[in-house]
Amino acid sequence: MTDPILSAEGVTKTYRVGKREIPVLRGVDFEMQPGEMVALLGASGAGKSTLLHVLGLLDPPTEGRVRFEDQSVSDLPGPKRAKLRHREIGFVFQFYHLIPELTALQNVKLGTMMDQGPLAWLGERKQHDQDARALLDRVGLTERLTHRPDELSGGERQRVAIARALVANPRVILADEPTGNLDSSTSESVLELLFEINRESNIAFLLVTHDEGLAARCDRIVRLRDGVIDA
Amino acid sequence: MATRAFSWFLALRYLLSRWVNVLGMGGVALAVWALIVVVAVFSGFISGIEDNTKSGSPDLLVTSLAPETSFESLEATIRADEDVVAIAPRLRHHALYFPIGRGLRKIAATDPLPISGLGFEFVELLGIDTEAELETSDLSLWLDAIPNDDYGSRVEATENPLSISIERVRAARAQARPFDRTELLRVPPGVLVSRDRARSSRIDTGQELEIVSAHLDRSDPESPEMRKIRRVFVLTGKFESGHRVVDHTMAIVDIEQVRTLLGHDASDPGSIDIVSDVAIRVRPGADLKTVARRLEKALGNDVANVLTWREQNKTFLDVVHQERRMMKLILFAVGLVAAFLIYATMHMMVTQKVKDIGILSAMGASRDGTKHVFLICGVTVGVLGCVLGATIGCLTSIYLDEINRYFIRGTLTDIVNVFRGMFGLPDTVLSIFPPQLYALDRIPTVVDPTWVSQVTIGAFAVTIFAAWLPARRAARFEPVRALGYE
Ligand SMILES: Nc1ncnc2c1ncn2[C@@H]1O[C@H](COP(=O)(O)OP(=O)(O)OP(=O)(O)O)[C@@H](O)[C@H]1O
Ligand SMILES: [Mg+2]
């Protein structure tokens, strides 16, 4: 086995609502290998989204730590975490989360603007444009470049979101029920796309799902129950 | 403050998709515009008023003299000052007059109410030594200010007693004989009043005026006695100084006439050349205050006050400047409203965009990057508003007169009159500045570059602050909560 690319060590997450403490994660140990396709299963409210946010450095763990490769990253200062999130991690959400004012192409291109100053970005804008177009091409949206999100179907929106997650060449993609809002045939084609990308690249996927059948097609299944992973 | 490309890109997209931001920009532009134009017009008026005031007042005035002070006792000391160019004695005395041979007169609705309801009018006789006064104050301008066509009653050199006295002084000099001031007493007693006064009193040149007054006769110091003064003068001309107080209260006569009224007839050997004030013209470029204080010292501090033209008109000028300050304060409030507008639109935008803030975090935006998106939006709105307001404000101020002349009193009036015609209403002229109301032929404006830059930079600073608050709020959202925000 190679070294894990992303791992959680004794991660706990406790929310406080008023005086009440709600322990959601109670000590999660978890590793992902490069290029691996992992399914994360668990009942609704089990804490799957919470774990995904902690792993993606969007939310700090209450205790424990998150490692990226061999570096402890959950305790890095905000701007460093932002940079790592941009370079190494892509998110795909159930509700797409595209920016409504931007066209499909602009939504994807936005992913190339996180790290560069405006002038530097303009200097390379041809390259960025090509990359974004190529990715939209890859997800099958060559004809939809200038459509805004409200002019796209659910499946098309999710494809834009996938292209956006890929544009900065991340090594991990965290997908939170990416097909949870789609009908079964659209789901199937979106999933097929994800599996293809996984096969073609060395990107590791963590796929949150309720679908046992889908989970079975992944390299590995982890289950979250009572705030811990039970293998 | 290194910014990232996405902050600029998104700011631009947000702005272009939200026309409400034009409102914020318009608000800022309007406030800046108003601050520039109103202050330019006000400053124009102030400088006009100050010019008139200055023209109506000597550079320096020696005043608060004791009764029965002689000019001789002051002259040498004042002339000794290196910055004094010319001096002229003045003698003021209060009086009433009424036109002889005129019964009750009707007052037109446009006339100011007469100062006395009994047919008498109040004046302050200003006795001047014409020759000296011409060197010292703007007297010749006051006389020239009456246009030739003003009821055909321009001051005629020959019938002006003051001119006659100058002629006699010059004749004496030409013959190299000492000028005998008693000659002046043989000149018919003439009086000049301002054009406005002549108009409101309905008097014209040639009108005889009975002048009545009283004075305290101190010839017997043990029991000073009140004496009645009464003399007939002839209105021989009019003047216009532009200084309201001078124009409304003064009647100019020869100083010897006033001296005679006060018991110092030049033909009487015991008489002295009494004065109540001394007007002084100072070398151009000299600091008036310094000269004034120096003269006070030279004359002895308890002998006289020496006032600069500003000090002579302090209360009046203070009021005018105070009005400008009030105006600025009111307009500043307009600026605050514009800032609130920007704050409100930016706050609303942040509220609409909470989910985007979460998305941006997930994509790898730092908090600063998120903050910059909204800051750039607000600053762009502010900069555009300020630049637009300042540009239009300066142009409006500079061309206000033309705008008024050709657009408001021209085209716009024509348009309005078309509608009036349709409804059978009388024609009228629209004007933001009816010239007949101010007796000025142009709307005076002064565009002060310091004020323009102060306003623009100030408005800019305020809008940055108004944009910074919502931007800071945007940066404080927890990304995960922002993502779940509906
Ligand atoms: N900000 C919060 N404050 C308090 N409690 C929270 C907060 N966010 C999540 N929770 C709680 O944490 C628990 C786990 O939530 P999470 O969204 O991770 O579940 P999930 O496994 O993704 O469920 P689902 O399958 O329905 O998406 C839930 O009980 C939820 O109520
Ligand atoms: Mg969830």
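These numbers come from the heavy atoms of this one structure, side chains and all, not from hydrogens, waters or symmetry mates. Chain identifiers are assigned alphabetically (A, B, ...) following the order of the sequence lines, protein sequences preceding nucleic acid strands; residue numbering begins at 1 within each chain.
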Is it the case that more than 12 heavy atoms not belonging to A:D226 sit under 6.0 Å from its CG atom? no
Is it the case that more than 12 heavy atoms not belonging to A:W121 sit under 6.0 Å from its CH2 atom? yes
Using a cut-off of 6.0 Å, state whether more than 12 heavy atoms not belonging to A:D70 lie near its atom CG. no
Qualifying residue for side chain to side chain contact (heavy atoms under 4.5 Å, CB included) with B:V480, from A:L58, A:T50, A:V54: A:L58
Comparing A:P118, A:A82, A:P79 against chain B, the one with the most heavy-atom pairs below 4.5 Å turns out to be A:P118
Does atom CZ (B:F465) have a neighbourhood of more than 12 heavy atoms from anything else shown, all under 6.0 Å? no
Contact check, side chains of B:L10 and A:M113, non-hydrogen atoms, under 4.5 Å: no
Separation between CG of A:D59 and OG of B:S361, rounded to the nearest 0.5 Å: 11.0 Å
Side chain, backbone, both or neither: which part of A:L98 has an atom under 4.5 Å from a heavy atom of chain B? backbone
Partner chain B: residue of A:A165, A:A168, A:P170, A:G117 with the largest heavy-atom pair count (under 4.5 Å): A:G117
Quick one: side chains of residues 15-38 of chain B, donor-acceptor pairs under 3.5 Å with protein atoms, not counting sequence neighbours, listed by atom name and distance.
from: B:S17; atom 1: OG; to: B:R13; atom 2: O; distance (Å): 3.0
from: B:S17; atom 1: OG; to: B:Y14; atom 2: O; distance (Å): 3.2
from: B:R18; atom 1: NE; to: B:Q352; atom 2: OE1; distance (Å): 3.0
from: B:R18; atom 1: NH1; to: A:E101; atom 2: OE2; distance (Å): 3.0
from: B:R18; atom 1: NH1; to: B:Y14; atom 2: O; distance (Å): 3.4
from: B:R18; atom 1: NH2; to: A:E101; atom 2: OE2; distance (Å): 2.9
from: B:R18; atom 1: NH2; to: B:Q352; atom 2: OE1; distance (Å): 3.2
from: B:N21; atom 1: ND2; to: B:R18; atom 2: O; distance (Å): 3.2
from: B:W33; atom 1: NE1; to: B:T396; atom 2: OG1; distance (Å): 3.0

Between A:F93 and chain B, which part of the residue has a heavy atom less than 4.5 Å away: side chain, backbone, both or neither? side chain
How many angstroms lie between atom CG of A:L110 and atom CG of B:L360, to the nearest 0.5 angstrom? 6.0 Å
Nearest heavy-atom neighbours spanning B:K353 and A:P100: NZ-CG, 3.8 Å
Just wondering, do B:S366 and A:K83 contact through their side chains at under 4.5 Å, heavy atoms? no
Given side chains that start at C-beta, do those of A:Q106 and B:F9 come closer than 4.5 Å, heavy atoms only? yes
Please assess B:K355 against A:H97 for the test side-chain contact (heavy atoms from CB on, under 4.5 Å), listing each intermediate value before the final yes or no. CA-CA 8 Å; B:K355 184 168 263 169; A:H97 288 343; 3.5 Å; yes
As an exercise, state the distance from CZ of A:F95 to CD1 of B:I359, rounded to the nearest 0.5 Å. 13.0 Å
Which pair of non-hydrogen atoms, one from B:A362 and one from A:F91, has the smallest distance, and what is that distance? O-CD1, 3.5 Å
Looking at A:R164, A:R87, A:R81, which has the largest count of heavy-atom pairs under 4.5 Å with chain B? A:R164
So CG of A:D176 and CG of B:L483: to nearest 0.5 Å the spacing works out to 10.0 Å
Among A:H86, A:K109, A:M114, A:R85, which residue has the highest count of heavy-atom pairs closer than 4.5 Å to chain B? A:M114
